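Just so you know, ligand 1 is whichever comes first in the structure, and atom 1 is the first atom listed for that ligand. Worth saying up front: this structure is predicted, and the values here are computed from it rather than measured.
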Amino acid sequence: MTNKKLQQQFDELRSQLNTWSREYYSLDKPSVPDDVYDQKYQELVKLEKAHPEMIIPDSPTQRVGGQILTGFEKIDHEIPMLSLGDVFSKEELADFVVNLDQTVHQQIDYNCELKIDGLAISLVYRSGKFVQGSTRGNGQIGEDITQNLKTINAIPLELSEPVDVEVRGECYMPKASFVELNQRQEEQGKQIFANARNAAAGSLRQLDSRITAERKLSTFIYYLMEPEKFGIITQSEALDKMRSWGFKVNPDYRVAHNMDEIRAYIDEYQQKRASLPYDIDGIVIKANPFKVHEEVGNTVKVPRWAIAYKFPPDEQETVVHQIEWTV
Ligand code: NAD
């Protein structure tokens, strides 16, 4: 392939992915299903692997999320809010586990969690009181959505202990709220939302908190910052601690001691997926000991101590409606 042709191929892939990302993250209005985006993204990953000299800092493979919406104060994330690397087969997942075990020279435990299909939020507490909440934004800078988050019942305004802490998790719209919302939209002659994730994202980034309050959002918290401050050394303990403070933590996590247990967890939740009251789009596997997180660190975009196993596309979700953001 000539250099010109190669450059053109890179430009086309990046431009297509950037357009879809803008629709998805900034406009909450995707025009293609996630698996179509994921396939294109994998094409770019492959091409960059074959031609690493062509990687540029603002390639979609090097950046988290989208643009920051105007109308909200900006919040600097002292510790960036990252994305997750993903795999689409159990073989790739087994490779990830073997590589990580080899890197740290021991067979470690993995905390298996559901991958909630919502959007990442950060919550800051001072002396146990909720003081600030934000979106992930582009990972470095998020939007201040404190007032909107205060309308969500699952978010405690005061914790059971007067701690200074920042936690992160997923804000999502339960399936029942999503169906109800679309019914209301239809009755009012407004366009329906493509999926619960987009409805949650749009509902959270409303300038009028009363609209957010009507949307019946919820949260699952899964990440504790500076766990060493509290003497906590594993992810599973961190989840227990956050629950004891009053956060809503997804109860379906499990520590797996080997790949067979990870496979069994995946199979179990792939089966249960349809009956859960909220959407999941995969499973997240995290090294359970925090010392492994410190040892292997992160890339510019993803942690090296965790990976998402993405489920094959849900048939219902492969039909993405062209929606108009009407509220
Ligand atoms: P992601 O959604 O694939 O994974 C990272 C996110 O998972 C985290 O930021 C967090 O918000 C979430 N998460 C849920 N449960 C979690 C848990 N238990 N522990 C840790 N994190 C958890 O990555 P992303 O960067 O947010 O988005 C990329 C994905 O978005 C793509 O793979 C694609 O599917 C979708 N997308 C779609 C379009 C489109 O046009 N349809 C465009 C852009 C992106």
Starting from [atom], locate the nearest protein heavy atom and write down its residue, its atom name and how far away it is, to 0.1 Å.
{"atom": "atom 9 (O) of ligand 1", "result": "Arg136 NH1, 2.8 Å"}
{"atom": "atom 15 (N) of ligand 1", "result": "Ile116 N, 3.1 Å"}
{"atom": "atom 5 (C) of ligand 1", "result": "Leu84 N, 3.6 Å"}

Item to complete: Check whether any N or O atom of Asp34, backbone or side chain, sits under 3.5 Å from an N or O atom of ligand 1, and answer yes or no.
Response: yes
Checklist entry - Is any N or O atom of Leu119, backbone or side chain, closer than 3.5 Å to an N or O atom of ligand 1? => result no
Is there a donor-acceptor pair under 3.5 Å between the side chain of [X] and the backbone N or O of [Y]?
{"X": "His77", "Y": "Thr135", "result": "yes"}
{"X": "Thr219", "Y": "Ile155", "result": "no"}
{"X": "Glu143", "Y": "Leu69", "result": "yes"}
{"X": "Thr151", "Y": "Asn148", "result": "yes"}
{"X": "Ser203", "Y": "Ala199", "result": "yes"}

Ligand 1 atoms in contact with [X] (distance to a heavy atom under 4.0 Å):
{"X": "Val32", "value": "39 (C), 40 (O), 41 (N)"}
{"X": "Ser83", "value": "5 (C), 23 (O), 24 (P), 25 (O)"}
{"X": "Pro33", "value": "41 (N)"}
{"X": "Asp38", "value": "31 (C), 32 (O), 33 (C), 34 (O)"}
{"X": "Leu82", "value": "9 (O)"}
{"X": "Lys310", "value": "3 (O), 31 (C), 32 (O), 34 (O)"}
{"X": "Glu113", "value": "17 (C), 18 (N), 19 (N)"}

Out of [options], indicate the one that has the non-hydrogen atom closest to [atom].
{"atom": "atom 22 (C) of ligand 1", "options": "Phe220, Tyr172, Tyr222", "value": "Tyr222"}
{"atom": "atom 4 (O) of ligand 1", "options": "Arg63, Gln16, Lys115", "value": "Lys115"}
{"atom": "atom 28 (C) of ligand 1", "options": "Tyr25, Tyr37, Tyr41", "value": "Tyr25"}

Have a look at ligand 1 and work out which part of [X], if any, has a heavy atom under 4.0 Å from it: side chain, backbone, both or neither.
{"X": "Lys286", "value": "side chain"}
{"X": "Glu170", "value": "side chain"}
{"X": "Glu23", "value": "neither"}
{"X": "Leu114", "value": "backbone"}
{"X": "Trp20", "value": "both"}

| task | Applying side-chain contact (heavy atoms from CB on, under 4.5 Å), run through Lys115 and Lys310 and close with a yes or a no. | result | CA-CA 8 Å; Lys115 184 168 185 296; Lys310 291 263 185 103; 3.8 Å; yes
Arg197 charged N/C atom sitting above Tyr24 aromatic ring, 6.0 Å / 45°: yes
message: Can you see whether Tyr37 has Lys40 sitting over its ring - NZ or CZ less than 6.0 Å from the centre and within 45° of the normal?
response: no
Worksheet item: Using 4.0 Å as the upper bound for N to carboxylate O, is an ion pair formed by Glu226 and Lys229?
Response: yes
| query | Got a salt bridge between Lys272 and Glu268, using NZ or NE/NH1/NH2 to carboxylate O under 4.0 Å? | reply | yes
message: Are Trp245 and Phe230 an aromatic pair, judged by ring center distance below 6.0 Å?
response: yes
| task | Could you check whether the rings of Phe220 and Tyr172 sit parallel, tilted or perpendicular, using 30° and 60° as the cut-offs? | result | parallel
Margin query: Which label fits Phe290 and His293: parallel for a plane angle under 30°, tilted from 30 to 60°, or perpendicular past 60°?
Written below: perpendicular
Val36: heavy atom below 4.0 Å from ligand 1, yes or no? no
